[in-house]
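Working notes, structure below.
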2 protein chains.
Amino acid sequence: MQRFKVGELVVDSGTPILMEGSNSPQLFTVLHGMGLRYKILSNGRRQVVSLIFPGDFLGLQAGIMGEMGHSVEATTKMTLCVFDRSEIWSFFKERPERAFALTWLAAVDEHFLGETLSTLGQRSAIQSIAWALVRVFSRGQSLDMVHNGKMPFPFKQQDIADALGLSLVHTNKTLGKLKEQQLAHWSDGTLRVSDLETLAKIAMVDDLTPAKRPIL
Amino acid sequence: MQRFKVGELVVDSGTPILMEGSNSPQLFTVLHGMGLRYKILSNGRRQVVSLIFPGDFLGLQAGIMGEMGHSVEATTKMTLCVFDRSEIWSFFKERPERAFALTWLAAVDEHFLGETLSTLGQRSAIQSIAWALVRVFSRGQSLDMVHNGKMPFPFKQQDIADALGLSLVHTNKTLGKLKEQQLAHWSDGTLRVSDLETLAKIAMVDDLTPAKRPIL
DNA sequence: CGGATCATTGAAGTCCCTCAAGTCCTGTGG
DNA sequence: CCACAGGACTTGAGGGACTTCAATGATCCG
């Protein structure tokens, strides 16, 4: 991969990285930090498409289709590994195993988007929030970010509300219920899950084994 | 592509084609007919992930990740072009331009899933249904299925309800409103859109040009 | 200390859901 | 030929999950 690597980029929290509709000349993989993918509708409402963790690949749509379908923003300080979009094609020609890994990543993303879709369409508010926390915590575990049952979770309640299609108020009250029941505490940027089993049951998640992801 | 083609498959309406969690040895592209991608949650509710039109590729997740994230079912009689899953790898090694097209398809799917997510999360019922009809009609136009403002649309109201996370009853009443306003009529398996502009405005869709899709 | 941002809580309203019938159509069997 | 059953669509009524509006704390920072 070193051959295609252009350099590293460090951005502050709040920095826009990719814009919906743009054709970025650069693609990224996340080395450190967290972020958000989101879309803004013409009525001003925001849909958070996914949370971004280390290891995620950013800009596939621009790289392949020539146009991003969503925007990407840094939630914390992030460091990114930068690639040149124009190299993508030589990628496919000369490094088929890497091209395959790229497609794998796309397939994994698609898989999770399907899960998210099911959440927005079919789960109640408490089920949705439980699902989101289970998802985040599982991902955190596989990234070794969990220590003593806690992991960093630097998002705002508004972010989760926008991710789940709920209002901020209702998101807050529903988080309160999970806290009351001693299932999950989230405050000051850290998430503590006390009873992952029960949380997963509420969330209607049956498979807690994290999905395999290729490394670029 | 002929080299990789195993054969053609014709299935009746209602036939399951791929099952969630399975690792199908076969992949398909749709030559004729329509179908559904869907997931079933443990509480029995169904989320329709997308409608399937001719030209769609089925089984990418099984081909790449080894496991389908959703099921696929035929809504009409369908004829499918069948490929061997084990050929995917040689695909990447020997036909990089085809591998690229495959990844392109994955990226397009991901793009549309993001749109769908925004619909479930941020649009009201009438906006959602208008959005779905605009999407279907646009796709129909680019596939030359539209004649005299009409196109075949062989789904049930329950399918659309499950796709948008709405109840059947409310879906029915909302479709009624669009009919009242002379914007779209859907009955007996055919969809007639009288005023695509206005429908798109309700749906908050600003770009009516259909997305480019590669052909496999 | 004033301003900004985020979290929290109360109250009122509404969009959408569930429950429940009823219609229309098609196919099937007596 | 008619009775009946099943499936999809339609319509009405009532209730509830979630939204919006509004106000208050809490924390941080120039």
Side-chain angles (χ1 to χ4, degrees), chain A residues 12-14 34 36 41 43-48 73 75-76 119-133 152-180 184-192 202 204, chain B residues 12-14 34 36 41 43-48 73 75-76 119-133 152-180 184-192 202 204:
Chain A
D12 276 335
S13 69
M34 294 183 172
L36 287 175
L41 277 77
N43 61 357
R45 299 186 56 144
R46 179 179 74 151
Q47 176 67 40
V48 168
E73 192 175 303
T75 298
T76 66
T119 297
L120 297 213
Q122 311 300 336
R123 278 183 246 252
S124 68
I126 192 146
Q127 291 170 340
S128 291
I129 294 201
W131 173 85
L133 295 181
F153 192 56
F155 298 96
K156 293 181 275 188
Q157 291 189 358
Q158 185 71 64
D159 295 329
I160 303 307
D162 288 348
L164 298 174
L166 299 170
S167 71
L168 172 60
V169 171
H170 200 57
T171 300
N172 180 286
K173 287 173 180 167
T174 307
L175 278 165
K177 280 182 195 162
L178 293 177
K179 196 176 296 183
E180 270 179 25
H185 296 245
W186 170 31
S187 59
D188 304 316
T190 95
L191 171 66
R192 156 176 260 123
I202 292 175
M204 299 188 300
Chain B
D12 275 336
S13 70
M34 294 182 172
L36 287 175
L41 277 76
N43 61 357
R45 300 186 55 144
R46 179 180 73 151
Q47 176 65 41
V48 168
E73 193 175 300
T75 298
T76 66
T119 297
L120 297 214
Q122 311 301 336
R123 278 184 246 251
S124 68
I126 191 146
Q127 291 170 341
S128 291
I129 294 202
W131 173 85
L133 295 183
F153 192 55
F155 298 96
K156 293 182 274 187
Q157 292 189 357
Q158 185 72 63
D159 296 329
I160 303 307
D162 288 348
L164 298 174
L166 298 171
S167 71
L168 172 60
V169 171
H170 200 57
T171 299
N172 180 286
K173 287 174 180 167
T174 306
L175 278 166
K177 281 181 194 162
L178 292 176
K179 196 177 295 183
E180 270 180 24
H185 296 245
W186 170 29
S187 60
D188 304 315
T190 95
L191 171 64
R192 155 177 261 123
I202 293 175
M204 299 189 300

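The sequence lines fix the lettering, A, B, ..., with proteins before strands; numbering per chain opens at 1.
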[X] versus [Y]: any side-chain heavy-atom pair under 4.5 Å?
{"X": "Leu178(B)", "Y": "Ile129(B)", "value": "yes"}
{"X": "Leu133(B)", "Y": "Ile160(B)", "value": "no"}
{"X": "Leu36(A)", "Y": "Asp159(A)", "value": "yes"}
{"X": "Arg46(B)", "Y": "Val48(B)", "value": "yes"}
{"X": "Arg123(A)", "Y": "Leu41(B)", "value": "yes"}
{"X": "Leu120(B)", "Y": "Gln47(B)", "value": "yes"}

Just wondering, are more than 12 heavy atoms of other shown residues or ligands nearer than 6.0 Å to CG in Asp188(B)?
no

Tell me: [atom1] of [X] to [atom2] of [N], nearest whole Å?
{"X": "Leu175(B)", "N": "dT10(D)", "atom1": "CG", "atom2": "P", "result": "8 Å"}
{"X": "Asp188(B)", "N": "dG7(D)", "atom1": "CG", "atom2": "C1'", "result": "14 Å"}
{"X": "Lys177(B)", "N": "dT11(D)", "atom1": "NZ", "atom2": "P", "result": "13 Å"}

Could you give the start and end, 5' to 3', of the contact zone on DNA chain C for chain A, using atoms under 4.0 Å from its heavy atoms?
dC6(C) to dA11(C)

Would the distance check show the side chain of Thr119(A) and the main-chain N or O of Ser128(A) forming a donor-acceptor pair, the cut-off being under 3.5 Å?
no

Quick one: does Thr174(B)'s side chain have a donor or acceptor within less than 3.5 Å of a partner on Ile126(B)'s backbone?
no

For nucleotides 17-20 of chain D, which of its nitrogen or oxygen atoms have a protein nitrogen or oxygen under 3.5 Å away, and what is each distance?
{"unit_1": "dC18(D)", "atom_1": "OP1", "unit_2": "Ala125(A)", "atom_2": "N", "d": "2.8"}
{"unit_1": "dC18(D)", "atom_1": "OP2", "unit_2": "His170(A)", "atom_2": "NE2", "d": "3.2"}
{"unit_1": "dC18(D)", "atom_1": "O5'", "unit_2": "His170(A)", "atom_2": "NE2", "d": "3.4"}
{"unit_1": "dT19(D)", "atom_1": "OP1", "unit_2": "Gly165(A)", "atom_2": "O", "d": "3.4"}
{"unit_1": "dT19(D)", "atom_1": "OP1", "unit_2": "Ser167(A)", "atom_2": "N", "d": "2.9"}
{"unit_1": "dT19(D)", "atom_1": "OP2", "unit_2": "Ser167(A)", "atom_2": "N", "d": "3.0"}
{"unit_1": "dT19(D)", "atom_1": "OP2", "unit_2": "Ser167(A)", "atom_2": "OG", "d": "2.8"}

Whether each nucleotide of nucleotides 24-30 of chain D has a protein heavy atom under 4.0 Å at its base (B), only at its sugar-phosphate (S) or at neither (-) is summarised, 5' to 3', as -------

Just N and O in the side chain of Gln157(B): are any of them under 4.0 Å from OP1 or OP2 of dT10(D)?
yes

Locate the shortest heavy-atom distance separating Thr75(A) from Pro154(A); write the atom from each residue and the value.
CG2-O, 3.3 Å

